[in-house]
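The structure under discussion appears below in the form of structure tokens.
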Amino acid sequence: MSLQSTDFEIFDLAPAFALDRAALDARWKDLQREAHPDRFATADAIAQRQAMQWSVRINEAYQRLKDPLKRAAYLCELHGAPIQAENNTAMPATFLMQQMQWREDLDEAAGMADLSSMADEVAAARRDMLAELRVTADERRDYPALAQQVRALMFVERFARDVEERLDQLGQ
């Protein structure tokens with residue numbers, strides 16, 4: 001294994017969207033224990049630097065793999081279908097209409113009940129989209145389609161944060 005190994009290789013996992021979070025967490029703890037810079041405090045400078053590099057690399061891989069959206073985007077990149085969210089915002093018309101409706105609903109939300117209902121609706125949409133990501137990635141292995149689904153989920157995640165901000169503002 002090298003610093004250039006994929007995140008999945010570092011964690012000894014098959015490259016897939018679905019993963020066992022408990023196993024990922026346990027493996028992260030094991031890897032961190034093995035590579036922790038404190039274990040190399042009395043080693044030479046090269047070993048200390050390598051331990052620090054490994055510790056950083058392990059944490060980066062863990063952060064990417066534990067987050068479903070980041071994991072899906074990473075799978076796309078590994079399979080030659082980068083997300084390119086900043087310059088590829090094309091979405092199906094029905095999805096865009098849903099986003100516009102949600103934005104209007106957020107603007108018109110009268111209080112905590114409206115916002116809570118909206119948060120529940122967005123959370124359900126997110127769960128459905130994550131299930132679709134798993135099918136597209138692990139069963140169909142259609143990475144260009146997965147990239148489009150990731151871009152759509154990025155919109156939904158951003159909207160969910162906006163709803164949460166409004167809920168926080170009302171709760172203060």
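Because the structure is a prediction, the values reported are computed rather than measured.
- Residues M97 and V122 do not share a hydrophobic cluster, clusters being chains of Ile/Leu/Val/Met/Phe/Trp/Tyr side chains in contact below 4.5 Å.
- One finds the CD atom of Q48 at 12.0 Å from the CD atom of Q53 (value rounded to the nearest 0.5 Å).
- With hydrogens and angles disregarded, no donor-acceptor distance shorter than 3.5 Å links the side chain of H79 to the backbone of A81.
- Atom CD of Q32 is separated from atom OG of S55 by 4.0 Å, given to the nearest 0.5 angstrom.
- Taking CG of L115 as the reference point, atom CD of E164 lies at 9.5 Å (rounded to 0.5 Å).
- Side-chain contact between R57 and E60 is present, with at least one heavy-atom pair separated by less than 4.5 Å.
- How far NZ of K70 is from CD of E77: 12.0 Å, rounded to the nearest 0.5 Å.
- Transitive grouping of hydrophobic side chains (ILVMFWY, heavy atoms separated by less than 4.5 Å) keeps L3 and M52 in distinct clusters.
- Looking only at side-chain heavy atoms (C-beta outward), V150 and Y143 stay at 4.5 Å or farther from each other.
- For the residue pair E34 and W54, no side-chain donor N or O sits within less than 3.5 Å of a side-chain acceptor on the partner.
- Counting heavy-atom neighbours within 6.0 Å of M112 CE, excluding the residue itself, gives a total above 12.
- Residue R134 holds its CZ atom at 12.0 Å from CG of L19, rounded to the nearest 0.5 Å.
- K29 has its side chain out of reach of Y62: every pair of non-hydrogen atoms, C-beta onward, lies at least 4.5 Å apart.
- Among residues at least two apart or in separate chains, salt bridge (charged side-chain N to carboxylate O under 4.0 Å, His left out) pairs with a member in residues 92-117 are R103-D162.
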F40 and I46: CA distance, side-chain angles, deciding distance, side chain to side chain contact (heavy atoms under 4.5 Å, CB included) verdict
CA-CA 10 Å; F40 297 86; I46 293 172; over 6 Å; no

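- A distance of 8.5 Å separates CD1 in I10 from CG in L65, rounded to the nearest 0.5 Å.
- In this structure, the side chain of D142 does not engage the main chain of T136 through any donor-acceptor pair within 3.5 Å.
- Using a 4.5 Å cut-off on side-chain heavy atoms (C-beta onward), Q148 and P92 make contact.
- Under a hydrophobic-cluster definition in which Ile, Leu, Val, Met, Phe, Trp and Tyr are linked whenever side-chain heavy atoms come within less than 4.5 Å, directly or via other members, V135 and V156 are assigned to different clusters.
- Inter-residue side-chain proximity for F17 and L130 is flagged as met; some heavy-atom pair is nearer than 4.5 Å.
- Note: W102 and F159 have parallel aromatic rings, judged against thresholds of 30 and 60 degrees for the angle between ring planes.
- Of the possible donor and acceptor atoms, one in the side chain of D138 sits under 3.5 Å from a partner among the backbone N and O of A18.
- Taking 4.0 Å as the cut-off between side-chain N and carboxylate O, D30 and R27 do not count as a salt-bridged pair.
- When side chains are defined from C-beta on, E157 counts as touching R126, because their heavy atoms get closer than 4.5 Å.
- Under the 6.0 Å distance and 45° angle rule, R71 does not count as a cation-pi partner of Y74.
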